[in-house]
Amino acid sequence: QGHLVESGGGSVHAGGSLRLSCVLSGYTSNFICVTWFRQAPEKQREGVAALLFGGSPNYYASSVQGRFTTSQDKAKNTVALQMNALRPEDTGIYYCAAVARTFCGETDWYKPGEYLDWGQGTQVTVSP
């Protein structure tokens with residue numbers, strides 16, 4: 001239904017920060033659940049943070065709570081992921097994913113199968 005394009009990945013040392021962006025296009029719905037996932041080599045894709053574009057609340061994985069913040073800019077059709085205090089275990093390919101609906105489910109926002117649209121991914125590498 002929609003199209004997502006991520007940007008902003010890169011390489012930093014532990015303790016550093018990065019900001020990822022996801023531009024949404026092609027959606028006609030006023031509400032879109034947008035979630036950031038990441039995948040490290042030989043690991044399952046992990047839900048990191050979610051927000052309801054056009055609404056609230058936000059959800060975070062416990063592993064990033066207090067370090068990562070997701071936000072929305074409706075004027076630019078963009079969702080951002082601000083990542084602070086990065087750790088080597090945050091390394092992976094980060095994807096934004098979306099589904100047009102009026103909620104992000106508190107008990108299933110982190111499940112990849114809930115999402116119809118995926119971006120191409122952006123690499124984040126955190127060195128010790």
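Keep in mind it's a predicted model, so treat the numbers as computed, not measured. Just so you know, these numbers use all the heavy atoms, side chains as well, and skip hydrogens, waters and symmetry mates.
Residues Gln39 and Pro112 are not in side-chain contact: their nearest non-hydrogen atoms beyond the backbone lie 4.5 Å or more apart. Two residues are said to be in side-chain contact when any heavy atoms from C-beta on lie closer than 4.5 Å; Thr28 and Gln1 meet this criterion.
When every heavy atom of Tyr95 is checked against every heavy atom of Gly119, the shortest pair comes out as CD2-O, 3.7 Å. Considering all non-hydrogen atoms of both residues, Thr102 and Leu52 come closest at O-CD2, 3.4 Å. In terms of heavy-atom proximity, Phe103 sits nearest to Cys33 at O-CB, 3.6 Å. Across all non-hydrogen atoms, the minimal contact from Gly47 to Ala61 is O-CB, 3.4 Å. Heavy atoms only, all atoms of each residue included: Gln72 and Gly54 are closest at OE1-N, 2.8 Å. Of all heavy-atom pairs between Arg87 and Ser63, the closest is NH1-O, 4.0 Å.
Between Ile93 atom CD1 and Arg45 atom CZ the span is 8.0 Å, to the nearest 0.5 Å. The NE2 atom of His13 sits 4.5 Å away from the OG atom of Ser127 when rounded to the nearest 0.5 Å. Taken to the nearest 0.5 Å, the OG1 atom of Thr107 stands 8.5 Å off from the CD atom of Glu114. Interatomic distance, OH of Tyr59 versus OH of Tyr110, reported as 11.0 Å (0.5 Å rounding).
At least one donor-acceptor pair closer than 3.5 Å links the side chain of Asn58 to the backbone N or O of Thr70. With Gln120 contributing its side chain and Glu6 its backbone, the two residues share a donor-acceptor pair below 3.5 Å.
Summarising the hydrophobic clusters (Ile, Leu, Val, Met, Phe, Trp, Tyr; side-chain heavy atoms under 4.5 Å, direct or chained), the residues clustered with Tyr94 are Leu4, Val12, Leu18, Leu20, Leu24, Tyr27, Ile32, Val34, Trp36, Val48, Leu51, Phe53, Tyr60, Val64, Phe68, Val79, Leu81, Met83, Leu86, Val124, Val126.
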Residue pair Ser29, Arg101: steps toward the side chain to side chain contact (heavy atoms under 4.5 Å, CB included) verdict: CA-CA 7 Å; Ser29 175; Arg101 64 186 188 192; over 6 Å; no
Candidate pair Ser71 and Arg19, rule side chain to side chain contact (heavy atoms under 4.5 Å, CB included), full reasoning: CA-CA 11 Å; Ser71 60; Arg19 185 177 179 86; 3.9 Å; yes
Working for side chain to side chain contact (heavy atoms under 4.5 Å, CB included), residues His3 and Asp117: CA-CA 7 Å; His3 188 57; Asp117 304 312; over 6 Å; no
Stepwise side chain to side chain contact (heavy atoms under 4.5 Å, CB included) check, Lys76 with Ser21: CA-CA 11 Å; Lys76 296 181 179 179; Ser21 292; over 6 Å; no
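Below 30°, between 30° and 60°, or above 60°: for Phe37 and Trp118 the angle between ring planes is between 30° and 60°, a tilted geometry.
A 6.0 Å sphere centred on CD of Glu106 holds no more than 12 heavy atoms belonging to other residues, nucleotides or ligands. Residue-environment remark: CD (Gln44) stays at or below the threshold of 12 foreign heavy atoms within 6.0 Å.
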